[in-house]
Structures are given as C-alpha cells and as structure tokens.
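By convention here, the first residue in the shown sequence is residue 1.
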Amino acid sequence: MLPDAPFIGFIPVRDLATARVFYSAMLGLRVVADTPYALVFDAGGTMLRVTPVPGFAAQPFTVAGWSVPHIGAEVSALARNGVEFTRYDGMMQDDYGIWTAPSGDRVAWFKDPDGNNLSLTEFAA
C-alpha cells in the first residue's frame, strides 16, 4: 500500500512560462526540473508538478495549500512579492484577508495566474 510512498501534487495551468514566474519568483519554490510536460518544484520536500493542460478552466475550490507556522508573516511576505489575497463575501476576514475558523485555524486564499485557488493555513493546535 501507499503509507510510506512520497506524495506528488499536481496543479494544472495554461502556460508554463507564466506559472514558472509565479511559483518560483512570487512564491519562492525551487525549480527541480523544467520540461515541456511539467515544471517540477520542491514544495517543502513534496514534489509539485505544474502541468500544462490545453483548454484548462479553473475550479472554484482550493486545489493546493501550505501549512505555515505564522500566517500573518507569510501573507505579508507574499503580498510584498505581488500575491493578492482573496476576500469572500460573508466571511469575517481580517485586514490581511485571513479567516479564523471556529476551531481557531487561520486560513488565507490566493489565486495563481490561471485562477487556481491556493491557500495558507496556520493550524491552531
């Protein structure tokens, strides 16, 4: 079975060149490989394959996220790099766009250039 097999994440995009700028320059992920079939990033020790998909249409739900120890600091750093955080009607988000769940977990959402919804989460416990 798979409990000890490393996980690989996939994110579909329209344009690899645009995705490379976003994921490497704006998010700070290290490029491991750059092929016509995928950009491969090291995402905290997990392989992230950003793959071109012709006719791709983004979905409204979160497709990938990062667990961070200090969400306010991460949001500030990413915002300085040009990342725009998403605000949702009806959700109580702070000045940084961070929502606090009833559990105490804190979450902020942002989109990549193709409209993929991504998130940062600071878990309460």
Under 3.5 Å, sequence neighbours excluded: what are the donor-acceptor pairs made by side chains of residues 60-73?
unit_1 : atom_1 : unit_2 : atom_2 : d
Thr62  : OG1    : Trp109 : NE1    : 3.4
Thr62  : OG1    : Asn117 : ND2    : 3.3

Looking at Phe123, is its backbone amide N or carbonyl O close enough to the side chain of Thr121 to form a donor-acceptor pair, meaning the two atoms are under 3.5 Å apart? no
Can you get from Leu29 to Val21 by hopping between Ile, Leu, Val, Met, Phe, Trp and Tyr side chains that sit under 4.5 Å apart? no
Distance in Å, Tyr23 OH paired with Leu39 CG, rounded so as to fall on 0.5 Å steps: 10.0 Å
With a 4.5 Å cut-off on side-chain heavy-atom distances among I, L, V, M, F, W and Y, is there a chain of contacts connecting Val32 to Val13? no
Do any N or O atoms from the side chain of Gln93 and from the backbone of Tyr88 form a donor-acceptor pair under 3.5 angstrom? yes
Examine Val75 and Val83 and state if one hydrophobic cluster contains both, with Ile, Leu, Val, Met, Phe, Trp and Tyr joined whenever side-chain heavy atoms are less than 4.5 Å apart. yes
When you measure from the side chain of Asp94 to the backbone of Tyr96, do you find a donor-acceptor pair of N or O atoms at a distance under 3.5 Å? yes
Whether the side chain of Asp105 engages the backbone of Ala124 through a donor-acceptor N/O pair (distance < 3.5 Å, no angle test) should be reported. yes
Is Phe110 close to Leu27 at the side-chain level, that is, under 4.5 Å between some pair of heavy atoms? yes
N/O donor-acceptor pair under 3.5 Å between Gln59 side chain and Ala57 backbone: yes
If you look at every heavy atom in Asn116 and Pro12, which pair is closest and at what distance? ND2-O, 2.8 Å
Please indicate whether Phe10 has more than 12 foreign heavy atoms, meaning atoms of other residues, nucleotides or ligands, lying under 6.0 Å from its CZ. yes
